[in-house]
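For clarity, every value in this text was computed on a predicted model and none was experimentally measured.
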Amino acid sequence: QVQVVESGGGSVQAGGSLRLSCAASSTIYSSYYCMAWFRQIPGKEREGVAALYTGGGPPEYADYAKGRFTISEDNGENTVYLQMDSLKPEDTAMYYCAVRSWCGDTWYRGDQYNYWGQGTQVTVSS
């Protein structure tokens, strides 16, 4: 059974940091794949945060995430992390991890991902 599981959300004050984790079952794809983070702010559409292709290459970031968020992987463990620093109240959202076979220019298109986690809540207070 395919599973994508997020963890690491919580509450933090503005300026603080959180690290989210996403573990994907090894049966999703036989080789390399794209793991991405999305978020959904109440009342807004889901948006891409960052993506990383486990086969190599530079990560992708949404403009608002550049310089504050870092996506990385744990080689061999099918796990990616999203380190979020300098958090702002507007980063408050449900954060989701998603997996598909490639990243590319459309990494931010949530409708193109096959597998999703259940989400983890991030709350940033002012």
Side-chain angles (χ1 to χ4, degrees):
Q1 184 175 357
V2 172
Q3 284 190 319
V4 179
V5 180
E6 307 98 334
S7 61
S11 298
V12 66
Q13 290 190 327
S17 298
L18 283 173
R19 189 177 81 155
L20 308 183
S21 299
C22 173
S25 66
S26 60
T27 58
I28 287 181
Y29 295 109
S30 60
S31 55
Y32 304 115
Y33 43 87
C34 181
M35 296 183 75
W37 287 97
F38 289 80
R39 70 183 189 183
Q40 187 154 24
I41 298 169
K44 296 188 177 182
E45 293 188 355
R46 180 180 58 198
E47 59 184 2
V49 179
L52 183 149
Y53 183 63
T54 63
E60 304 280 358
Y61 292 98
D63 286 344
Y64 64 81
K66 292 177 181 177
R68 296 191 301 127
F69 296 178
T70 304
I71 188 170
S72 62
E73 66 173 318
D74 186 340
N75 290 334
E77 295 296 326
N78 302 314
T79 299
V80 293
Y81 305 97
L82 185 68
Q83 177 67 40
M84 304 187 293
D85 299 317
S86 303
L87 282 162
K88 305 175 182 180
E90 51 264 43
D91 293 318
T92 295
M94 185 70 79
Y95 284 72
Y96 297 91
C97 182
V99 180
R100 73 180 194 186
S101 60
W102 85 102
C103 285
D105 293 341
T106 60
W107 68 268
Y108 57 91
R109 291 276 305 270
D111 61 324
Q112 296 182 359
Y113 284 77
N114 307 103
Y115 305 103
W116 290 83
Q118 80 288 349
T120 185
Q121 178 68 38
V122 171
T123 302
V124 185
S125 58
S126 57

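With rounding to the nearest 0.5 Å, the separation of OH in Tyr33 from OH in Tyr53 is 10.5 Å. Separating the CD atom in Gln112 from the OG atom in Ser101 is a distance of 10.0 Å, to the nearest 0.5 Å. Separation of atoms CZ (Arg68) and CG (Leu87) is listed at 6.5 Å; rounding is to 0.5 Å. Annotation: the span from Arg46 atom CZ to Tyr108 atom OH amounts to 13.5 Å, rounded to 0.5 Å. In this structure, CZ in Arg100 is found 13.5 Å from OH in Tyr115, a value given to the nearest 0.5 Å. To the nearest 0.5 Å, atoms OG (Ser86) and NZ (Lys88) are separated by 8.0 Å.
The closest side-chain donor-acceptor pair between Asp91 and Tyr64, if any, does not fall under 3.5 angstrom.
Remark: Arg39 fails to qualify as a cation-pi partner of Trp37 under the 6.0 Å distance and 45° angle criteria applied to the six-membered ring.
Of all heavy-atom pairs between Cys97 and Val80, the closest is SG-CG2, 4.5 Å. Closest approach of Ser126 to Pro89, counting heavy atoms only: CB-CG, 3.9 Å. In this structure, Met84 and Val122 approach most closely via the heavy-atom pair CE-CG2, 3.8 Å. Contact record, Val4 with Cys22: CG1-SG, 3.5 Å, taken as the closest heavy-atom pair. Closest of all the heavy-atom pairs between Ala24 and Val99 is CB-CG2, 4.3 Å. Minimum heavy-atom separation, Trp107 to Tyr113: O-OH, 2.6 Å.
Using modelled atom types, one side-chain atom of Tyr61 and one backbone atom of Ile71 make a donor-acceptor pair closer than 3.5 Å. Of the possible donor and acceptor atoms, none in the side chain of Arg109 sits under 3.5 Å from a partner among the backbone N and O of Asp111. The backbone N or O of Gln118 sits less than 3.5 Å from a side-chain atom of Glu6, completing a donor-acceptor pair. A donor-acceptor pair under 3.5 Å links the side-chain atoms of Thr92 to the main chain of Val124, judged by distance alone. At distances below 3.5 Å, not a single donor-acceptor pair connects side-chain atoms of Thr123 with backbone N or O atoms of Ser11. Looking at Thr54, its side chain never comes within 3.5 Å of a backbone N or O of Tyr32 through a donor-acceptor pair. Between the side chain of Gln40 and the main chain of Ala93, no donor-acceptor pair closer than 3.5 Å is present. Checking side-chain atoms of Gln83 against main-chain N and O of Thr70 turns up no donor-acceptor pair under 3.5 Å.
Under the 4.5 Å side-chain heavy-atom criterion for Ile, Leu, Val, Met, Phe, Trp and Tyr, Phe38 and Leu82 are members of distinct hydrophobic clusters. In terms of hydrophobic clustering, with Ile, Leu, Val, Met, Phe, Trp and Tyr side chains grouped at heavy-atom distances under 4.5 Å, Phe69 and Met94 are assigned to different clusters.
Aromatic ring orientation, Trp116 versus Tyr96: perpendicular (interplanar angle above 60°, classes split at 30° and 60°).
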